[in-house]
Amino acid sequence: MKIHEYQAKELFRAGGIPVPPGSVATTPAQARQIAESIGKTVVVKAQVHVGGRGKAGGVKLARTPDEAESIANDILGMDIKGLTVKKVLVTEAVEIASEAYVGVVVDRAIKRPVLIVSAAGGVEIEEVARKSPEKIIKLELDPLLPIHPFHARRVAYSVYDDPDVAKQAAKIIQQLVNVFWKNDCSLIEINPLVVTPDNVVTAVDAKINFDDNAAFRHPEWEEMRDTDAEDPAEMEAKENDLSFVKLDGNIGCVVNGAGLAMATMDLVKRCGAEPANFLDIGGSSNPEKVIAAMRIIMRDSNVKAILFNIFGGITRCDDVANGIVQAVQQLKPDLPIVVRLTGTNEQEARDILRDVGLATAPGMEEVVNEAIKLANKAA
Amino acid sequence: MSILVDKNTRVVVQGITGRDGSFHTKGMLDYGTKIVAGVTPGKGGQTVETVPVFNTMAAAVSETGANTSVVYVPPPLAVDALYEAADAGVELVVCITEGLPADDMLKVARYYEVKGVRLVGPNCPGVITPGVCKVGIMPGQIHKKGPVGVVSRSGTLTYEVVYHLTNNGIGQSTCIGIGGDPIIGTRFLDVLEMFEKDRQTEAVVLIGEIGGTDEEVAAEYIHRQMTKPVVSFIAGRTAPPGKRMGHAGAIIAGGAGTAAEKITAFRAAGVEVADTPAEVAKLMQHELSQRSQRKRAKVVSVTSKGRMAARGKTRSKSTTAKKATTKRSTTSKKKAATPAKKTTATKSKRTTASKAKSKAKAKAKPRTKSTKGKTKTRSAAKSTRKTTARKSTSSRKKTGTRKTATRKATTRKPAATKKKTTSKSGNKAARSKSTTRSKSRAKSKSPTRRSTKPASKSRSKPKTKRKTSR
């Protein structure tokens, strides 16, 4: 889960990381008030979940409260890469003597969080890694130990020569790691970490991604969630405990298991068509899930045929077949449906489907080919 | 033989009284798994399907001698269950539960590393040695005993592939679901090392998917050190970037972790990549028939070369098999040393021949499309790999022309490796494996770790840097 810059900065403040004063506005008038209370030149920043806000004209300087109001008026409602700006962050403009990057990411390969620091801030870290990897300093963190001050000092002094600056930076680095652990982050970044001409270190931008698996112990995340960037179909799927990702093709896929679901999509493509979605109904054979899955897929007008690919193990094929029958009766789709069910109780399942006149296929390749044939006929 | 679970596996089920726990306990018992205990705090004294339930893992293990745990505990409590399992002294923990926070898993994985306990999962279907032992949730009836090891990040996709294997008469030695999460206890590399050493396993099926770089690491290992053929399948060719595809770990992040990258890595390593799950079985059938042909050919050539050669070969082979040494360099040392004494003439002949071959291989493209070409490349690759390893004993410098990572690994390790072989040679009991494994894990990782160190200053004295970094 992604959160906005202003939300990440609130977590920074709570964690003792200095950020320039500022707050979020939803109207131009609010933006003006905030600018007035800051009393200095401010930056007005669009709060949307896409990269490249600056280039799209979503980040602008305002010297006076009047200017802040008119700029906020321009930015609010602006469309950035398909998303409408509903909030702006109005924050004090900071003079920049130098910019650095500080972040913590989870390195899957070594099963550890890694602290990454680079003297080249303000640009994407991936770009730095590509162009000048020697500018990147990495420190693997032991998950069982807190970050010690000396860890932070080590990286801080390798970037900053001035002891006063390095001390401030070390403290920020240490706090950043603490915020990372405390908030179940999968990514936390300060880019740029700015040193001002009078040697004050401050976090000018903030980025945090949360680990969705930890949501059960963070009820506060629910309020922070910005559903604008999320696909309504994907949200409906989530509510029904389904994993769904919308794609652009015309073959709707309902599968049990994520790996098999991906393999099914790949097979659709390989057989000459495009999958309309990724959908994993999981291990349970609850008919409600099957109904929800069909409802979500049928909402996509591109879909010309729906295929079911179920490998029954613990999931019983006859349970899924009953779910399909219920879904068809309830939703009355005018789309062709082809079903493949293999494994536990597959014969019973076939009988159930045959009785209501639904087509079955013996294997994965057969069901995909059959669905494509029917979709082509319908189109 | 098999890996991880066998007839000596004594299972304790954590969360045995829950809906999933009790259901799958019955499934595992029906398959013939020795389930000796269950644990649910507060429900000690009860029984589930005749299995006694304990309040704590410590009591369950001390009273029943359980050596393996399988975890069905739901997410909020599962992390505690994992710590409890490692602390109770079992050797293997299989975590079926899905949805554990990654930050917790980072800590758990580290704890298991320190304790020397193997963790499979989380978010996995478990481990099965067909006909012997099932620890997990997979449908037992689709499996069949045989020579092919299966390792996968997925559940139902694994069933699909196993179903095709079994239907084509190809049985399995052990099938392992390592889990779909970003942070998992056992990775492809760990399992491949085990399959390489396992006598029953003749070939391996690896089922990967988008996200992370474990497939690439596996490809590297297969290319450098594995003698057994590997057939792979990668799911998610059509997956869009930035979207989590069901599994927490199946995400193309920052443009990395695509199926195309993984397929390229495997093909470059000489691994067959199937385009569909069904094709895995076909490719495997081909590999197995090639393998048996090669075996037959070997027998013929050995008899024609005379007794001395034959004895040398047999000796060397059995030594290698017995050695459960984790480092290939040590294994190959033994392999080379034994015949060298007995059949110097034959050996030198072989070395020159394969030297030439290896040169040719170095220039050759890793894969060609025609089947004939494939076979040739494959066998050439095998012999090259063996030769290079053999040569490495006489002159390490030559091996060093490969990549820095290996060079570092080899040059840094000889002392440690030697010590290990002398102290641990002879017959290794299955029990002692866990220590060897954990050591090997730490070792095999070190080059990777090193490479992530600060590129500039630390290079001069990486050792001290490494210590301070923890």
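FYI, side chains are in, hydrogens and waters are out, and symmetry mates aren't considered; it's all heavy atoms of this structure. Chain A is the first sequence line, chain B the second, and so forth, proteins listed ahead of strands; every chain is numbered from 1.
Interface residue B:His24: only side-chain heavy atoms are found under 4.5 Å from chain A. Only the side chain of A:Phe216 has a heavy atom closer than 4.5 Å to any heavy atom of chain B. Within the 4.5 angstrom heavy-atom criterion, only side-chain atoms of A:Leu247, from C-beta onward, approach chain B. Interface residue A:Glu365: only side-chain heavy atoms are found under 4.5 Å from chain B. With a 4.5 Å cut-off on non-hydrogen atoms, B:Ile142 touches chain A through its side chain but not through its backbone. If you measure heavy-atom distances from B:Ile234 to chain A, the contacts under 4.5 Å come from the backbone alone. Using a 4.5 Å cut-off between heavy atoms, A:Ala263 contacts chain B through both its backbone and its side chain. Neither the backbone nor the side chain of A:Thr264 comes within contact range of chain B, judged by heavy atoms closer than 4.5 Å. Both the backbone and the side chain of B:Ala102 have a heavy atom closer than 4.5 Å to some heavy atom of chain A. Of the two parts of A:Phe180, the backbone and the side chain both hold a non-hydrogen atom closer than 4.5 Å to a non-hydrogen atom of chain B. For chain B, the nearby part of A:Asp211 is the side chain; its heavy atoms alone come within less than 4.5 Å. Using a 4.5 Å cut-off between heavy atoms, B:Arg153 touches chain A through its side chain atoms alone. With a 4.5 Å cut-off on non-hydrogen atoms, B:Glu160 touches chain A through its backbone and its side chain both. In this structure, the portions of B:Pro182 lying under 4.5 Å from any heavy atom of chain A include both its backbone and its side chain. At a 4.5 Å heavy-atom cutoff, the contact between B:Ile183 and chain A is made by side-chain atoms alone. For B:Glu98, no part lies under 4.5 angstrom from a heavy atom of chain A. Looking at B:Thr238, both its backbone and its side chain come within 4.5 Å of chain A, counting heavy atoms on both sides.
A salt bridge is absent between B:Lys243 and A:Asp231; no separation between the charged side-chain nitrogens and carboxylate oxygens falls under 4.0 Å. Ion pair B:Asp275/B:Arg237 flagged as a salt bridge, since at least one NZ, NE, NH1 or NH2 atom sits closer than 4.0 Å to an Asp/Glu carboxylate oxygen. A salt bridge links B:Asp30 to B:Lys26: at least one charged side-chain nitrogen sits closer than 4.0 Å to a carboxylate oxygen.
With respect to chain B, the highest number of heavy-atom pairs below 4.5 Å among A:Met262, A:Arg108, A:Met364, A:Lys135 belongs to A:Arg108. Between chain B and the residues A:Thr344, A:Asn213, A:Val117, the largest count of heavy-atom pairs under 4.5 Å involves A:Asn213. Of the residues considered (B:Ala256, B:Gly27, B:Gly211, B:Ser152), B:Gly211 shows the highest number of contacts with chain A, using heavy-atom pairs under 4.5 Å. Top candidate by heavy-atom pairs under 4.5 Å with chain A, chosen from B:Gly246, B:Pro139, B:Pro101, B:Ser154, is B:Pro101. Here B:Gly99 is the residue among B:Gly99, B:Ala235, B:Gly180 with the most heavy-atom pairs under 4.5 Å with chain A. For the set B:Pro75, B:Gly212, B:Gly155, the entry with the most heavy-atom pairs within less than 4.5 Å of chain A is B:Gly212. Per-residue heavy-atom pair counts under 4.5 Å with chain B were compared for A:Leu267, A:Asp280, A:Asn256, and the maximum is reached by A:Asn256. The choice from B:Val114, B:Ile207, B:Ile184, B:Ile210 that makes the most heavy-atom pairs within less than 4.5 Å of chain A is B:Ile184. The residue among B:Gly249, B:Ala239, B:Pro277 with the most heavy atom pairs within less than 4.5 Å of chain A is B:Gly249.
For the pair A:Lys111 (side chain) and B:Gly185 (backbone), a donor-acceptor distance under 3.5 Å is present. The backbone N or O of A:Ala170 sits nowhere less than 3.5 Å from a side-chain atom of A:Arg153 that would complete a donor-acceptor pair. In this structure a side-chain-to-backbone donor-acceptor pair under 3.5 Å is present from B:Thr258 to B:Glu261. B:Tyr72 contributes a side-chain N or O that, together with a main-chain N or O of B:Gly136, makes up a donor-acceptor pair within less than 3.5 Å. At least one donor-acceptor pair under 3.5 Å links the side chain of A:Asp300 to the backbone N or O of A:Asn302.
Classified by interplanar angle (parallel below 30°, tilted 30° to 60°, perpendicular above 60°), the ring pair A:His218/A:Phe210 is parallel. Ring-plane geometry between A:His148 and A:Phe150 is classed as parallel, the angle between the planes falling under 30 degrees on a 0 to 90 degree scale with a further cut at 60.
For the pair B:Asp190/B:Arg118, a side-chain contact is recorded, criterion being any heavy-atom separation below 4.5 Å from C-beta on.
Between the NE2 atom of B:His247 and the SG atom of B:Cys124 there is a distance of 10.0 Å, given to the nearest 0.5 Å.
Residues that satisfy the salt bridge (charged side-chain N to carboxylate O under 4.0 Å, His left out) test with B:Lys115, not counting sequence neighbours, are B:Asp87. Legend: residues meeting side-chain contact (heavy atoms from CB on, under 4.5 Å) with A:Glu124, ordered by chain and number and at least two apart, are A:Glu126, A:Glu127.
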Exercise for review: Would you please test A:Lys238 and A:Asp212 for salt bridge (Lys or Arg N to Asp or Glu O under 4.0 Å) and show each step?
Suggested key: CA-CA 12 Å; A:Lys238 203 179 273 173; A:Asp212 291 310; 5.4 Å; no
